Amino acid sequence: MNLPVILRARDYRLYTKNQRLVDLWLNGGAAIMGHTPSNLLREIKNTASRGLYAPFPHFTEGRLLKALSKLLPAHNFRIYAAPPQELITLFEDGKAKLWRPFKNPEAPFAADENAPLLILVLPGISLWCGGLPMGLCVTAQQMHKQSLQLPEGETLSPVLLAAAARGVYDILAAPQRAKPLLPRIDKICTQQTENKVCIWKREGIYLTLKEEIKTEEWETLFCQFLEAGFLLPPTQSHPLILPGEMSAGEEAKLAGLLCSL
């Protein structure tokens with residue numbers, strides 16, 4: 001799926017040469033707090049200004065591990081630049097699952113107790129490869145369930161580590177992000193009549209299709225939303241992420257698009 005050329009990003013919106021888009025992908029979750037969170041940008045700037053691009057040992061790794069332990073207590077963590085093959089295999093076999101914040105409005109940081117291994121989708125600087133985050137890839141395993149073997153973690157650039165640590169603290173400080181005030185979207189996701197059943201499943205701020213559709217159908221959907229001013233994920237394996245804020249007009253237009261399917 002070809003994404004449009006983005007000239008700048010601000011909060012939950014993207015700007016091309018001729019269009020403003022509400023971002024419903026948010027880089028797969030790496031921009032879950034928006035594209036211009038001031039604390040995170042300041043952390044990146046301060047760390048980069050000290051020339052700390054190279055993967056040297058640095059105290060920022062300890063900061064990230066401390067933040068992660070607040071997010072998911074009683075877990076052990078490993079940090080990689082990219083998911084090792086062992087992790088990819090576990091993910092493909094269903095033994096490792098992506099963990100996203102704000103899926104449960106009542107418990108925004110709850111962990112899946114049944115998942116042997118979690119791969120955390122965190123705010124910060126991230127790319128995607130084969131459905132998994134890279135640039136910075138963090139795994140979490142319950143301390144009393146250490147059955148899965150993974151390679152030792154890697155030393156990463158302090159810029160990446162500082163951004164991730166700040167991102168974790170940002171989501172910890174914003175549990176209300178799990179409950180965006182979007183009454184029209186709430187109505188669509190609970191809509192069920194004799195003639196129409198909503199095809200979207202909602203978990204907190206995430207929307208996914210209840211049933212997978214063909215790739216070409218997703219491409220058609222992507223173009224339909226793009227023309228209307230919304231950026232969908234480039235693949236249906238990523239959820240739609242409801243932004244932290246939308247205007248009443250944007251919410252009404254999005255509700256209409258979701259309802260039209």
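Given the structure is predicted, the values throughout are model-derived calculations rather than measurements.
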Report task. Under the side chain to side chain donor-acceptor pair (under 3.5 Å) rule, collect the residues that match up with S49, sequence neighbours excluded. Result -> none
Requested in this report: Applying salt bridge (charged side-chain N to carboxylate O under 4.0 Å, His left out), name anything that partners E61, two or more places apart in sequence or on another chain.
Outcome: none
Using residues 31-44 as the side-chain source, report each donor-acceptor pair under 3.5 Å to any protein atom, sequence neighbours left out, with the distance given to one decimal.
unit_1: H35; atom_1: NE2; unit_2: D23; atom_2: OD2; d: 2.7
unit_1: T36; atom_1: OG1; unit_2: D11; atom_2: N; d: 2.9
unit_1: T36; atom_1: OG1; unit_2: D11; atom_2: OD1; d: 3.1
unit_1: N39; atom_1: OD1; unit_2: R42; atom_2: NH2; d: 2.5
unit_1: E43; atom_1: OE2; unit_2: R63; atom_2: NH1; d: 3.2

Query raised in the report: Hey, is CD on E216 packed in by over 12 heavy atoms from elsewhere, all under 6.0 Å?
Result: yes
Requested in this report: Determine whether F56 and V159 fall in the same hydrophobic cluster, where Ile, Leu, Val, Met, Phe, Trp and Tyr are linked whenever their side-chain heavy atoms lie under 4.5 Å apart.
Outcome: no
Query raised in the report: Between CG of L240 and CD1 of I205, what distance do you get to the nearest 0.5 Å?
Result: 11.0 Å
**Report entry** Under the ring-ring contact (aromatic ring centres under 6.0 Å, His included) test, residues paired with Y12 that sit two or more places apart
**Finding:** none
Query raised in the report: Considering residues at least two apart in sequence or located in another chain, which fulfil the side chain to side chain donor-acceptor pair (under 3.5 Å) criterion with E86?
Result: none
Requested in this report: Check whether any side-chain heavy atom of L209 lies under 4.5 Å from a side-chain heavy atom of Q236, and answer yes or no.
Outcome: yes
Report task. Please list, chain by chain and in numerical order, all residues satisfying side chain to side chain donor-acceptor pair (under 3.5 Å) with W25, sequence neighbours excluded. Result -> H238
Report summary line: Those residues at least two apart in sequence (or on a different chain) that pass ring-ring contact (aromatic ring centres under 6.0 Å, His included) with Y169 are none
Requested in this report: Not counting sequence neighbours, which residues clear salt bridge (charged side-chain N to carboxylate O under 4.0 Å, His left out) with R13? List them please.
Outcome: E245, E250
Query raised in the report: Are V168 and L120 close enough, and set up right, to give a side chain to side chain contact (heavy atoms under 4.5 Å, CB included), and what steps lead you there?
Result: CA-CA 10 Å; V168 172; L120 310 188; over 6 Å; no
Query raised in the report: Taking only residues two or more places apart in sequence, or in another chain, which ones meet S237 in a side chain to side chain donor-acceptor pair (under 3.5 Å)?
Result: T235
Query - side-chain contact (heavy atoms from CB on, under 4.5 Å) involving E217 - partner list, sequence neighbours excluded - result: I213, K214
Report summary line: Joining Ile, Leu, Val, Met, Phe, Trp and Tyr whenever any side-chain heavy atoms lie under 4.5 Å apart, the cluster holding L181 also takes in none
Report task. Report yes or no: is the cationic atom of R8 (NZ for Lys, CZ for Arg) under 6.0 Å from the centre of the six-membered ring of Y15, at an angle within 45° of the ring normal? Result -> yes
Query raised in the report: Counting only N and O atoms by type, is there a donor-acceptor contact under 3.5 Å from the side chain of Y206 to the main-chain atoms of R100?
Result: no
Using distance only, find each side-chain donor-acceptor pair of residues 110-119 under 3.5 Å and give its atom names and separation, not counting sequence neighbours.
unit_1: D112; atom_1: OD1; unit_2: N114; atom_2: N; d: 2.9

Requested in this report: Measure the spacing between CG of L122 and CG of D170 and express it to the nearest 0.5 Å.
Outcome: 11.5 Å
Query raised in the report: Got more than 12 heavy atoms from elsewhere within 6.0 Å of CD, E212?
Result: no
Query - Check: F109 ring centroid to F102 ring centroid under 6.0 Å - result: yes
Requested in this report: Show the numbers, then the answer: is there a side chain to side chain contact (heavy atoms under 4.5 Å, CB included) between K17 and L7?
Outcome: CA-CA 7 Å; K17 183 178 180 180; L7 300 182; 4.2 Å; yes
